[in-house]
Amino acid sequence: MKNLIERDKKVIADIEKIRFFPIAPIGGEGCYIIDENRRRLLDFAGSWGAAGLGYSHPAIQESISNASQSMASSSLLSYASEPAILFAEELLNIVPGNTSRKVWFGHSGSDANDTIVRLAEAYTGRKRFITFHGAYHGGVSGSMSVSGHSSQQHNPKRDGVVYLPYPNPYRPQFEENLSENILKMLDEIFSTTCPPNEVAAIFIEPIQSDGGVIVPPEGFLKSIEMRCKKYGILVVVDEVKVGLGRTGLMNAFEHENLEPDIVCFGKALGGGLPLSAIVGPTEIMDFAPAFSIMTASGNPVSISAGRAVLKTIYNDNLIYNSMKVGKVLTEGFQQLSNKHNLIGDIRGKGLAMGVEIVTDRFKTKKEAKIETAKIAYRAYQLGLIIFYVGMKSNVLELTPPLILTENQAKEGLEILDKAIEDVSNGRVEDSVLLDYKGW
Ligand SMILES: Cc1ncc(COP(=O)(O)O)c(C=O)c1O
């Protein structure tokens, strides 16, 4: 094991790492990751949500193995490809709407959001965007330019981007009338520094994931959508992390009855293979040929994995499972919070959950970054993979495979119970974190 970790340190760039503990998986099965010592670890992180069906799912294996037999139409750019056409038709079916829409395929949430930024600007002729503090829409220039996450502080931002606070009920940015006050801020911005007719689009995460798994107050997103639509501002919903059944509905935006102009998918869409998609109005998606091209986009292997993912979500009732097992986890964490003062808040929908770790939950709610990192580390030692997110790195994030069972949820809760207890009792040394700073 040491060998792989040491070699990784020597040859793999830190700029593509967010490491929490020393692990080099050599396999995976269902909701378990198998490490280099053949230890099976239950996975509550699901590879940041990419492993929506878990690992080595037979439906994905079969689909990609079949697709690899014929790599015709490996590039969608200059040929029509049946798998891509079928998958586009299927994706259009899962996004409500009766206007004419089309689909674009890419490799990653980052390139999809990047394309949307360029497209929205080109189509509307407007240069400005609205986004939220804490938003994460990707790691390439365009998608970074509409993100507001602390991990991207080294990257210069795009001119004219307006950042709004993402309403956080646990740490309200206003003492009262949280949603109304943020909407008022927007109105004021529109009437002073940023005329709405200069804004191309607003980027919305239905749950702000990397910013701390923040669930906005009910109705906030709908109000902001209505404000923006009034001025012809395109409403873009980023379903990359919380979409595709994870929240207990196929699309997370349906909880709030949003009617986005443009929707973006990634992560779980490819079941672990690179795949992203945009669904948007035909007149925008047809803006100009070759506007957003990548040679291997829509390749049959990734597309077939995507088709298997969607089919399995339906056939195996995984949307219902997300809701059911999410409830078990929520109740389990509520019980743990009676015991552990480090647990400040439990939130989320279905299998998109966050558990905020704080040092003094009754008074200051101070973000407990070190304790959070230690809980993740200790959980790993005890057999559970869990990552953390948040602008202050103190929110345990749960995005497990949607196939997680109730028993597995309970197994993970037991491990976390012990991990939190060990951290609270000072049984985890600071030194374990030396190489594992997370993000
Ligand atoms: C909401 C959201 N959008 C976009 C992205 C970018 O996706 P990727 O890193 O797969 O390109 C992420 C990644 O964490 C995300 O959480």
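Computed over heavy atoms, backbone and side chain alike; hydrogens, waters and symmetry mates excluded. All ligand and atom numbering here is 1-based and tracks the order in the structure.
- For K365 and E356, the salt-bridge test fails: no basic side-chain N is under 4.0 Å from an acidic carboxylate O.
- Ion pairing of E6 with K9 is present here, as a side-chain N (NZ or NE/NH1/NH2) and a carboxylate O approach within less than 4.0 Å.
- Counting protein heavy atoms only, atom 3 (N) of ligand 1 is closest to D238 OD2, 2.7 Å.
- Numbered from 1 in the order shown, with element, the atoms of ligand 1 that lie under 4.0 Å from a heavy atom of K241 read 16 (O).
- Between the side chains of T312 and H57, not a single donor N or O lies within less than 3.5 Å of an accepting N or O.
- In terms of protein heavy-atom proximity, atom 9 (O) of ligand 1 is nearest to S110 OG, 3.8 Å.
- When the shell of 6.0 Å around CD of Q61 is examined, it contains more than 12 heavy atoms from other residues, nucleotides or ligands.
- In this structure, the protein non-hydrogen atom closest to atom 14 (O) of ligand 1 is K267 NZ, 2.9 Å.
- Heavy-atom separations between S209 and ligand 1 are all 4.0 Å or longer.
- Of all the listed residues (A50, P274, A112, S108), S108 holds the heavy atom that lies closest to atom 8 (P) of ligand 1.
- Between F20 and Y380, a ring centre-to-centre spacing not shorter than 6.0 Å is recorded.
- A salt bridge does not link R171 with D345: none of the charged nitrogens is closer than 4.0 Å to a carboxylate oxygen.
- A salt bridge links K127 with E121; the closest basic N to acidic carboxylate O contact falls under 4.0 Å.
- The proximity of N113 to ligand 1, defined as any non-hydrogen pair under 4.0 Å, is limited to the side chain.
- Counted by atom type alone, H149 and S151 present one or more donor-acceptor pairs between their side chains at under 3.5 Å.
- Summary of contacts: the protein heavy atom closest to atom 5 (C) of ligand 1 is V240 CG1, 3.8 Å.
- Using a 4.0 Å heavy-atom cutoff, Y136 is listed among the residues neighbouring ligand 1.
- The nearest protein atom to atom 16 (O) of ligand 1, hydrogens excluded, is given as D210 OD2, 3.4 Å; this is a heavy-atom distance.
- In terms of polar-atom proximity, defined here as any N/O pair under 3.5 Å, G138 makes no such contact with ligand 1.
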